Amino acid sequence: MGYVDDQFSQLHKLQDESSPDFVVEVASLFFDDAEKLINSMARALEQPCVDFKQVDSHVHQLKGSSSSIGALRVKNVCIAFRSFCDAQNREGCMRCLQQVSHEYTMLKSKLQTLFRMEQQILAAGGSVPLE
Amino acid sequence: MESCNCIEPQWPADELLMKYQYISDFFIALAYFSIPLELIYFVKKSAVFPYRWVLVQFGAFIVLCGATHLINLWTFNMHSRTVAIVMTTAKVLTAVVSCATALMLVHIIPDLLSVKTRELFLKNKAAELDREMGLIRTQEETGRHVRMLTHEIRSTLDRHTILKTTLVELGRTLALEECALWMPTRTGLELQLSYTLRQQNPVGYTVPIQLPVINQVFSSNHAVKISPNCPVARLRPLAGKYMPGEVVAVRVPLLHLSNFQINDWPELSTKRYALMVLMLPSDSARQWHVHELELVEVVADQVAVALSHAAILEESMRARDLLMQQNIALDSARREAETAIRARNDFLAVMNHEMRTPMHAIIALSSLLQETELTPEQRLMVETILKSSNLLATLINDVLDLSRLEDGSLQLQIGTFNLHAVFREVLNLIKPIASVKKLLVALNLAPDLPEYAVGDEKRLMQTLLNVVGNAVKFTKEGNISITGFVAKSESLRDSRAPEFFPVPIENHFYLRVQVKDSGSGISPQDIPNLFTKFAQNQAIALRNSSGSGLGLAICKRFVNLMEGHIWIESEGLGKGCTAIFIVKLGIPEHSNDSNLSFIPKMPVHGQTNFPGLKVLVMDENGVSRSVTKGLLLHLGCDVMTVSSVEECFRVVSHEHQVVFMDVCVPGIDGYEVAVHIHDKFTRRHERPLIVALTGSTDNLTKDNCMRVGMDGVILKPVSLEKMRSVLSDLLEHRVLFESM
């Protein structure tokens with residue numbers, strides 16, 4: 001299954017002369033946001049008495065961000081995460097958190113590679129196809 | 001008078017002789033005097049005598065002659081000189097008068113004679129006039145008889161009455177002994193005695209029609225005298241020694257409706273005649289006069305006309321009765337048909353609703369199920385369920401469509417659309433299946449095919465898809481080629497479609513599409529049944545989509561609605577098949593083409609950019625906030641972003657036309673904002689439009705949004721196209737609630 005879905009290409013469509021690095025900017029925002037959220041979630045889950053509501057709200061945020069950027073796998077994990085939160089299943093939440101973290105890291109590295117390559121191409125004078 | 005001279009006679013006077021002379025003279029004188037008297041007497045009596053003075057002259061002459069003879073009486077004896085002078089005077093006068101009379105008579109006698117000839121002439125003339133008078137009178141009589149007869153005959157339209165009346169009146173007018181009518185039988189080979197005057201019930205005598213005497217009568221339209229001994233005239237036992245009266249026969253043409261020409265009395269040989277026989281009373285020594293014969297001929301003609309009128313009337317009465325019966329039958333048939341249609345419509349309406357409700361539930365719930373978390377196997381199952389139920393829904397729609405098509409109540413939804421895109425779409429839809437079967441699909445659009453056309457896009461695509469789908473379905477290997485081009489008028493007429501008369505009209509063109517496949521083909525005798533719905537042939541069941549037999553029938557109806565024609569050619573089993581259809585499409589105006597190229601599926605109206613549209617975006621999530629901002633910036637809006645509700649309260653103003661707020665947050669803060677905005681801007685035209693962006697698909701969210709007075713709800717994720725259409729719809733309608 002792909003790392004990003006259609007939404008990612010939609011973001012590319014929004015990139016034009018007025019905002020040439022739109023995608024990169026949004027991706028960076030996402031990375032910061034996601035890291036913060038994941039850390040908060042980890043901290044919340046380490047508490048002896050887990051505040052599932054708060055965890056849920058973090059997960060909700062992460063889900064929103066990932067769907068905005070088109071991070072498909074992250075989003076799907078978040079969906080599963082939420083159901084565990086509703087069930088107040090700490091084990092399940094921990095597992096999901098690990099999965100989220102894993103997925104996020106993968107995504108970040110892949111996207112960073114992609115952006116580097118795009119910059120190289122542009123620097124060499126080529127153009128990046130949108131599809 | 002020779003002896004009247006005064007000279008003494010030479011021989012001795014014989015006293016006897018003298019005496020006789022004396023007496024004769026005396027009588028002569030007497031006669032001479034009495035003749036004028038008689039003349040005068042009789043002339044006075046008669047009215048006309050032109051020659052009175054001649055009479056005087058004549059009278060004078062005679063008187064003088066008498067006087068001479070009288071005076072002669074005195075000359076037998078010795079007489080005196082006075083007597084001699086008187087005698088001489090008398091003689092001289094007499095001589096003068098008689099010479100004058102003689103001369104005059106020369107003039108008068110020819111006159112008198114000519115009077116006689118004139119009289120003779122006039123007498124002849126008078127005799128002639130008398131004769132002619134007699135003729136005219138008889139003719140007038142005849143005419144009167146005919147008129148009366150005709151009046152009698154024509155006063156009725158009943159055939160029997162006409163004939164009977166004819167015979168009776170003729171019998172009376174002409175004082176006939178017997179009058180009979182022989183009618184040809186059905187076979188036309190015999191004449192049958194149908195009506196007689198005196199006999200009450202004529203027994204069915206028949207006479208063969210080919211008798212010479214009958215032929216003679218039939219060949220002329222005059223009344224012909226025939227012998228009383230011929231079979232048609234021998235109607236009664238002969239009364240022995242008496243001479244039978246003369247018999248006359250005349251033909252009566254029996255006219256049929258089809259025989260009538262306007263300008264001439266038909267003389268066709270195929271005509272049927274009846275024979276009318278008229279017999280004068282026996283031993284009356286009467287003869288047929290010419291005027292009587294003429295009367296008979298005229299009557300015969302009149303009878304013919306009257307009979308044909310009667311026949312026509314009978315025909316028309318019969319036809320009218322027939323029509324009435326047919327009317328009644330048609331009426332009841334129509335009522336039955338109406339009842340049937342009503343019943344069917346009720347059934348369809350009920351079934352439609354009954355079928356669609358569960359279908360709707362299935363489709364809706366399956367698509368909802370799709371949105372939840374599923375394992376891959378579960379997802380596959382749900383997708384299959386959705387596909388199948390969509391197919392089923394399509395089939396239900398098809399059935400309803402077909403019944404509407406049959407009613408004629410289906411109407412095409414005409415709009416401008418991208419013709420090339422339709423073909424491409426169909427190709428895209430069919431490519432997966434074709435590639436699985438390893439079939440080559442080639443699309444060939446003619447260069448002069450317009451890019452945009454006016455017509456019913458959905459139904460055209462449906463037809464095309466059906467046809468192409470069939471081609472793909474029934475081809476195991478090989479290739480499929482789809483060609484589309486503008487049909488010129490010569491190629492429009494096809495020998496297979498003789499009723500199809502396409503008329504080239506301005507602003508319209510005929511699109512011709514050919515789909516050729518190398519598949520299993522169809523045998524030529526099955527081809528006519530292809531477009532019949534529910535046809536049961538095995539090959540046909542294979543060819544018709546979804547085995548229900550409806551697909552091609554529906555296509556045909558759509559094509560007909562588009563004023564076109566569809567047909568299939570195949571050279572036989574195993575030789576592939578070519579489906580061809582021609583439809584009429586309109587040529588669009590050029591003005592609003594530019595919009596269409598961007599949004600093939602979107603509605604024609606719609607802005608591509610919203611320059612200067614002031615928008616406020618409220619979203620707590622930074623990433624989605626920046627994505628939404630990017631979207632709106634790309635559309636040219638003037639975007640301001642806030643990340644909290646309080647900030648939103650502070651910033652929102654009447655300059656903002658739209659407020660996008662993310663309501664994914666579990667709290668109800670978003671709703672509070674809406675309420676707040678409503679309170680702040682009491683007048684509707686100042687208030688910005690409020691649109692909720694949400695990722696949740698449940699109705700609760702939507703209901704909440706509507707309750708707090710939001711103008712729209714959009715489901716995340718929002719693509720560029722979606723945002724564009726949303727904004728244009730919003731600005732046009734000022735409300736947008738996307739179906740969840």
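Computed from a predicted model, the values in this text were never measured in an experiment. The sequence lines fix the lettering, A, B, ..., with proteins before strands; numbering per chain opens at 1.
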**OP:** Against chain B, work out which of A/Gly64, A/Ser83, A/Ser65 has the most heavy-atom pairs shorter than 4.5 Å and name it.
**Re:** A/Ser65
Subject >> Residue A/Phe22 versus chain B: region with a heavy atom under 4.5 Å >> reply: side chain
Original post:
Under a 4.5 Å cut-off applied to non-hydrogen side-chain atoms, are A/Leu29 and B/Arg625 in contact?
Top reply: no
Original post:
Roughly how far, to the nearest 0.5 Å, is the OG atom of A/Ser68 from the CG atom of B/Asp619?
Top reply: 7.0 Å
